[in-house]
Every structure is written in C-alpha cells, then in structure tokens.
Amino acid sequence: MPDGVTGKGPAGSVGSAWAPASAMLMIVAGIVLAGAGFVVDPLGELSDSVLWFVSQGLIYAGAIFGVAVSVSARHGGVRKV
C-alpha cells in the first residue's frame, strides 16, 4: 500500500499524509478555476459550474480539516493500534 494508507480502522483509514494534501489540492484547483473563469469569454463572469466546483472543494477541505481538529480536540489525537 502507498505511504499514508494503513488499511486498518474504520473503512480503511487514511493516514495523515495525503488527506490534508488532497484538501489543499482542491482549494488550489478551485482558486485556479475561479481565476480562469474571469479571463475567458465572457470576461468577468463565473458560470454556475465553476461556482459549484469551488464550493464543493471548500466543503471537502472543511470536512477534512474539521474532522482532524475535532478528533484532536476531543480525544487528544488518533492513537495507533
């Protein structure tokens, strides 16, 4: 298995290495797509699909980072078994 994927725990828990990286990638992709939406025809307008993609990226990143903060705050982190 790749580094960061343990295969143990609930639903094949994902290690702390690539989950935040994928959330950051979604944020960057949303910013790039939104920026590109302003420079292509029609200039200065964002289509609904661009706004939908940006919002889904923010929701995904919020879920990834929110779960990590919640687990750390309530349980002092995730213990390895």
Side-chain angles (χ1 to χ4, degrees):
M1 286 189 165
D3 290 338
V5 178
T6 63
K8 296 180 181 178
S13 298
V14 177
S16 62
W18 81 267
S22 68
M24 291 301 294
L25 180 66
M26 287 295 293
I27 291 173
V28 169
I31 291 170
V32 168
L33 191 60
F38 281 113
V39 296
V40 297
D41 287 332
L43 291 176
E45 291 185 27
L46 288 176
S47 68
D48 291 340
S49 60
V50 171
L51 295 175
W52 181 87
F53 182 83
V54 172
S55 66
Q56 292 299 311
L58 292 174
I59 289 170
Y60 175 74
I64 294 293
F65 293 130
V67 168
V69 169
S70 176
V71 168
S72 295
R74 291 185 184 181
H75 304 289
V78 176
R79 295 176 290 187
K80 291 187 178 184
V81 178

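Along the sequence shown, residues carry numbers from 1.
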Measuring from atom [atom1] of [X] to atom [atom2] of [Y], what distance do you get when rounded to the nearest 0.5 angstrom?
X	Y	atom1	atom2	result
F38	L43	CZ	CG	11.0 Å
L33	M26	CG	CE	10.0 Å
W18	I64	CH2	CD1	8.0 Å
S22	Y60	OG	OH	3.0 Å

Non-hydrogen atoms of [X] and [Y] that approach each other most closely:
X	Y	result
G30	V54	O-CG2, 3.4 Å
P20	F65	CB-CE2, 3.7 Å
A23	A61	CB-CA, 3.8 Å

